[in-house]
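Below, all heavy atoms of this structure are taken into account, side chains as well, without hydrogens, waters or symmetry copies.
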Amino acid sequence: MDQNQMRELQSMMVFMPFIGLIVVALVLIPYWMIWKKAGFSPWLSLLMLLPLVGFVMLYVLAFVEWKVVPVNRATYPGQTLPPPAI
């Protein structure tokens with residue numbers, strides 16, 4: 001490697017931690033919101049950074065019963081409930 005290539009490599013290495021932080025944020029933010037909306041601790045999203053643990057946690061999230069209360073459909077403006085079945 002000549003001096004020019006070495007300087008280019010060093011200048012790229014300065015930005016690598018910032019790029020890594022951006023990638024981590026892009027991964028964690030959606031998982032944080034999903035865990036929170038599912039009724040679990042959003043801190044579980046940190047486990048998604050570990051490769052095998054994150055894969056297992058996706059299965060846990062998919063098949064566990066979520067701890068949320070269903071939203072009443074009549075609370076949305078402009079919507080009406082269907083008539084009760086007799």
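Distance check: E8 CD to M12 CE gives 8.5 Å after rounding to the nearest 0.5 Å. Considering OG of S41 and CG of L46, their distance stands at 8.5 Å, rounded to 0.5 Å.
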Task: Full working for side-chain contact (heavy atoms from CB on, under 4.5 Å) between M6 and Q10 - done: CA-CA 6 Å; M6 188 63 90; Q10 288 174 345; 4.1 Å; yes
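By the 30° and 60° cut-offs, the orientation of the rings of F18 relative to F15 is tilted.
Counting non-hydrogen atoms of other residues, nucleotides and ligands closer than 6.0 Å to CD of E65 gives a total of 12 or fewer.
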N/O donor-acceptor pairs under 3.5 Å from side chains in residues 25-35, not counting sequence neighbours:
none

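Across P42 and K36, no two heavy atoms sit closer than the pair CB-CB, 4.3 Å.
By the 4.5 Å side-chain criterion applied to Ile, Leu, Val, Met, Phe, Trp and Tyr, L21 is assigned to no cluster and stands alone. Residue L52 is found outside any hydrophobic cluster, as its side-chain heavy atoms come under 4.5 Å of no other Ile, Leu, Val, Met, Phe, Trp or Tyr.
Hydrophobic clustering, with ILVMFWY side chains joined whenever heavy atoms are under 4.5 angstrom apart, keeps L44 apart from F55.
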